[in-house]
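As C-alpha cells, the structure follows; a few thoughts come after it.
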2 protein chains.
Amino acid sequence: MLWPVAEEDVFKALADPTRRRILDELVERDGQTLFEICTRLATKYGLGLTRQAIGQHLVVLESAGLVRSRRQGRYKFHDLNTEPLELIVTRWLRPDPPESTP
Amino acid sequence: MLWPVAEEDVFKALADPTRRRILDELVERDGQTLFEICTRLATKYGLGLTRQAIGQHLVVLESAGLVRSRRQGRYKFHDLNTEPLELIVTRWLRPDPPESTP
DNA sequence: TTGATAGGTAAGTCGCCACTTTCCTATGCT
DNA sequence: AGCATAGGAAAGTGGCGACTTACCTATCAA
C-alpha cells in the first residue's frame, strides 16, 4: 500500500473523458509536461481546453494516484501509474465459481 | 460485441459510490430484486435512500452493461455482468516494455 | 374486485464539478 | 536586471447528476 488513496478518488478521476485521454497520452509516452499534454490533446482530439483546465485535471489524477510527477527545474514531468487500476479489476471478480453445483 | 455500450457509460456508472455498493451486493449474490437490494444497502451500510433512488441507479448500471435483469412475474431479478470492466483494465496497459534498455 | 406487493415515471431541488478568467510564483536565458 | 517560459491559485459561472416527492402500472392472492 504505497498511496493513501481512497477508491473514491480513483473512480472519480476516471469519470471524466478528458482525464481518460490524458492517461491515453501518458501510456504512449511518459514524462510529458503540462504544455506537451495540452498540445497533444488539442492536435489529436481537437480539445479546446485552456492550460489551466488541463492542469486541474492533472491534480485530480495525481490525487488519485494515477499520475506521478517529478519536478526538474521549471519543468514538471508526469508519469502514468496504473497501480490503482488493479483495485477496480479485482473488486468485482467472483470469489470462486464452484463450477459444478447443479 | 454484445451491447452497444459506450465506455463513457461504464466509467460514469462506476463513479457513484452507491452504484459500486450495489455491484458489491450483486457479486455476493446474483438475482436480487430491487427491494432486496434496498434492504441490504440499508442494513449493511446504513444507506438511507429511497427505493426510487436505487431503481434509478439500477437503470444506470444496466445502461452501462454492468447489470443484466430478467423479469419474472412481478419480480425483476438483477445479475452482475463484469464484462465491461475488462475495457478499463486493458486500456492503460503498457503495450510492450522492451525490458533491456538501461 | 379489492388490496397488497413489486416496480416504473416524471417534475423539481440542490450540490458538485468542469471550465474560464485573472492574477501570481518560479526558473532560465541573454 | 529584464523578459519569456512553465506552472500554480482562486473566484465565478453553468450544467449535469443524485435524490426526493408524488403518482402511475402490473402482477398475484383473497
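Note on naming: letters A, B, ... go to the chains in the order of the sequence lines (proteins, then strands), and numbering restarts at 1 for each one. On a predicted model such as this, the values are computed, not experimentally measured, just so you know.
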In whole Å, what is the span from the [atom1] atom of [X] to the [atom2] atom of [N]?
| X | N | atom1 | atom2 | result |
| --- | --- | --- | --- | --- |
| Leu49(A) | dT21(C) | CG | P | 12 Å |
| Glu8(B) | dA18(C) | CD | P | 11 Å |
| Phe77(B) | dT27(D) | CZ | C1' | 13 Å |
| Leu41(B) | dC19(D) | CG | P | 11 Å |
| Gln52(B) | dT13(C) | CD | C1' | 16 Å |
| Phe35(A) | dA26(C) | CZ | C1' | 13 Å |
| Asp16(A) | dC16(D) | CG | C1' | 12 Å |
| Leu58(B) | dT9(C) | CG | C1' | 15 Å |

* Asked: Are OP1 or OP2 of dA26(D) and a side-chain N or O of Lys76(B) less than 4.0 angstrom apart?
  ->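 Result: no.
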
* Please check the phosphate of dC19(D) (OP1 and OP2 only) for any side-chain N or O of Thr50(B) closer than 4.0 Å. =>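 Looking at the OP1 and OP2 atoms of dC19(D), neither is under 4.0 Å from any side-chain N or O of Thr50(B).
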
* Asked: Is the backbone of Gly31(B) close enough, under 3.5 Å, to the side chain of His78(B) for a donor and an acceptor to pair up by distance?
  ->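 No, the answer is negative, given that no donor and acceptor are paired below the 3.5 Å cut-off.
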
* Which part of the nucleic acid does Gly73(B) contact within heavy-atom distance under 4.0 Å: base, sugar-phosphate only, or nothing? ->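 Sugar-phosphate, no base atom in range.
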
* Asked: Looking at dT9(C), does its base get a donor-acceptor pair with the side chain of Gln56(B) below 3.5 Å?
  ->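 Between dT9(C) and Gln56(B), which were checked side chain against base, a qualifying N/O pair under 3.5 Å is absent.
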
* Do Arg51(A) and dG8(D) share a donor-acceptor pair, side chain to base, under 3.5 Å? ->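 Flag set: donor-acceptor pair detected.
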
* Taking the nucleotide of DNA chain C with the closest heavy atom to each, which residue, Arg74(A) or Ala15(A), is nearer the 5' end? ->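 In this pair, the answer is Ala15(A).
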
* 5' priority, DNA chain C, between Gln32(B) and Ala53(A) [closest heavy atom] ->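 The 5'-side residue here is Gln32(B).
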
* Stepwise side-chain contact (heavy atoms from CB on, under 4.5 Å) check, Arg91(A) with Asp24(B) -> CA-CA 8 Å; Arg91(A) 176 162 179 176; Asp24(B) 288 340; 2.7 Å; yes

* Asked: Can a donor-acceptor pair be found between the side chains of Tyr45(A) and Glu25(A) at a distance below 3.5 Å?
  ->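 Short answer, yes.
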
* To do: Give the nucleotide from the list dG17(D), dG7(D), dC17(C) with an atom nearest to the side chain of Lys12(A).
  =>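 Of the candidates, dC17(C) comes closest.
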
* Charged N to carboxylate O below 4.0 Å: is that the case for Asp30(B) and Arg68(B)? ->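 A salt bridge is absent here (no side-chain N lies under 4.0 Å from a carboxylate O).
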
* **Lys12(A), Arg19(A), Arg20(A) screened by side chain to side chain contact (heavy atoms under 4.5 Å, CB included) with Asp16(A), the one that passes** =>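 It is Arg19(A); the other options fail the test.
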
